[in-house]
There are 2 protein chains.
Amino acid sequence: MLKERTSKYDQRYLAAVDAAAAVFAEKGYHAAGTIDIADRLNIKQGSLYYYFRSKEAALEAVCLEGIRHQISYLQSVMDEGHSFSDSIRKLVTYTLSALEERSDYMIVFDRHRQVIPLEKRGKIRDQSNTYHKLLEELFEQARQNDELKPDLDVHISVRAFTGLLSSAGSWYQMKQSIDLDVVAKQYSDIFLFGSCAV
Amino acid sequence: MLKERTSKYDQRYLAAVDAAAAVFAEKGYHAAGTIDIADRLNIKQGSLYYYFRSKEAALEAVCLEGIRHQISYLQSVMDEGHSFSDSIRKLVTYTLSALEERSDYMIVFDRHRQVIPLEKRGKIRDQSNTYHKLLEELFEQARQNDELKPDLDVHISVRAFTGLLSSAGSWYQMKQSIDLDVVAKQYSDIFLFGSCAV
DNA sequence: AATTTTTTATATAGATCTATAGAATTTCTT
DNA sequence: AAGAAATTCTATAGATCTATATAAAAAATT
């Protein structure tokens with residue numbers, strides 16, 4: 001007796017993950033209570049445990065869903081086989097827009113994934129590694145195509161790039177009606193060509 | 001009856017702030033208990049309240065001490081009047097080394113400052129603004145000296161730079177015996193001159 | 001040494017929060 | 001419609017944690 005792909009349960013489960021993401025992002029994992037998640041779903045606190053074995057399991061679900069999305073976009077960009085600079089531009093632009101539409105997941109992954117005890121963090125670490133491996137692959141190819149400066153270490157460059165991306169979060173926080181396309185272009189330009197005149 | 005500058009109390013108070021920083025950095029603000037801080041100071045949980053009005057006050061103290069240090073270094077670099085590129089290199093190098101020596105404060109400021117309710121976050125916000133204003137000043141001067149690419153918006157560049165700096169934290173986490181000078185050089189190079197060949 | 005001040009200890013009130021067990025209700029299936 | 005399955009509710013045990021009030025001890029001052 002197999003479930004359909006979007007049975008009632010699965011839909012509701014995803015709604016629960018979404019509610020958890022929203023609550024954790026807003027209040028932080030520990031400050032948030034299971035009652036906050038339940039409220040958002042219009043069910044009682046105890047009923048939440050029909051969907052999650054524990055509060056921590058809810059956090060793990062949010063983190064996994066968040067990184068899964070990022071990986072699948074990165075994969076698609078790489079499959080399309082753009083030049084290095086175009087790939088960078090696409091990734092920056094996408095990350096900034098994702099911060100508008102899926103900010104909850106990104107914030108939770110960023111800030112709270114480490115709450116999960118090391119011994120239970122395996123799946124998340126795996127996904128995280130996959131993401132970094134893919135990025136390193138992208139940079140390594142660029143290097144072999146002479147699109148990357150030859151004296152740059154790939155690992156360090158990847159870290160610098162992810163750092164740049166993470167700062168994108170600060171734009172979301174202060175929504176000063178900023179044109180994200182402008183920000184994305186400038187971020188990409190700086191990473192690709194630097195900020196220094198001459 | 002004025003206190004000396006380093007009376008017994010002040011020393012002990014600073015030790016308490018330091019213990020709080022270590023505990024908050026390791027466990028996270030909410031997961032950490034006041035008992036953990038007290039243990040580290042070899043006093044009982046209740047005694048901690050001789051130094052802090054509340055757990056939240058301890059967090060605020062840690063954050064303020066953390067940002068204060070960053071500001072004073074930035075200020076000193078700016079006072080020395082280096083070129084833009086040298087200033088960037090100095091700041092990157094310093095931030096990476098600070099992550100080794102004062103990682104607790106930096107981590108707590110980064111991850112947990114937002115736990116403090118908005119209405120009580122005034123002081124921290126002020127310090128944060130000061131830091132950003134100083135950086136913007138640095139970039140603005142560079143721009144006027146034609147050391148910064150003329151088409152770059154100063155605000156966005158500053159954010160990109162702080163993003164780069166924040167990713168420095170990831171090096172600390174995976175201490176793979178990495179030479180921080182090498183990382184600092186490459187981070188600076190990328191920010192100043194880009195990663196793209198040609 | 002006696003007295004005042006500073007620092008730490010003890011004990012606990014009061015609040016909060018997770019997770020569970022079992023009952024009740026709704027939805028689905030036949 | 002009756003029965004089965006899925007979903008939600010109720011009530012609560014049990015654990016934890018902050019903050020306070022008061023007592024004790026240690027240090028400083030006279």
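Just so we're on the same page: letters track the sequence lines, and every chain starts at 1. Atoms considered below: every heavy atom in the structure, side chains included; atoms not considered: hydrogens, waters and symmetry mates.
For A/Ala16 against A/Ile37, the heavy-atom pair with the smallest separation is O-CG2, 4.2 Å.
Side-chain proximity of B/Lys8 to C/dT8, C/dT18, C/dT7: nearest is C/dT7. Distance from the side chain of B/Ile43 is smallest for C/dA9 among the nucleotides C/dA9, C/dA19, D/dT20.
Here the C1' atom of nucleotide D/dA19 and the CD atom of B/Gln45 are 8 Å apart, to the nearest Å.
Side-chain N/O atoms of B/Tyr50 include none lying less than 4.0 angstrom from OP1 or OP2 on C/dT8.
The existence of a salt bridge linking B/Asp181 and B/Lys185 is excluded, since no basic side-chain nitrogen approaches an acidic carboxylate oxygen closer than 4.0 Å.
Counting non-hydrogen atoms under 4.0 angstrom, B/Ala32 reaches the backbone sugars and phosphates but no base. Using a 4.0 Å heavy-atom cutoff across all strands shown, B/Lys44 reaches at least one base atom of the nucleic acid. Using a 4.0 Å heavy-atom criterion, one finds that A/Tyr51 contacts the sugar-phosphate atoms exclusively. Using a 4.0 Å heavy-atom criterion, one finds that A/Gly33 contacts the sugar-phosphate atoms exclusively.
For a distance-only test at 3.5 Å, the side chain of B/Ser47 qualifies as a donor-acceptor partner of the base of C/dA9.
Judged by the 6.0 Å and 45° rule, A/Lys90 forms no cation-pi pair with A/Tyr73.
Checked by atom type and distance alone, the side chain of B/Arg143 never pairs as donor or acceptor with a backbone atom of B/Phe139 at under 3.5 Å.
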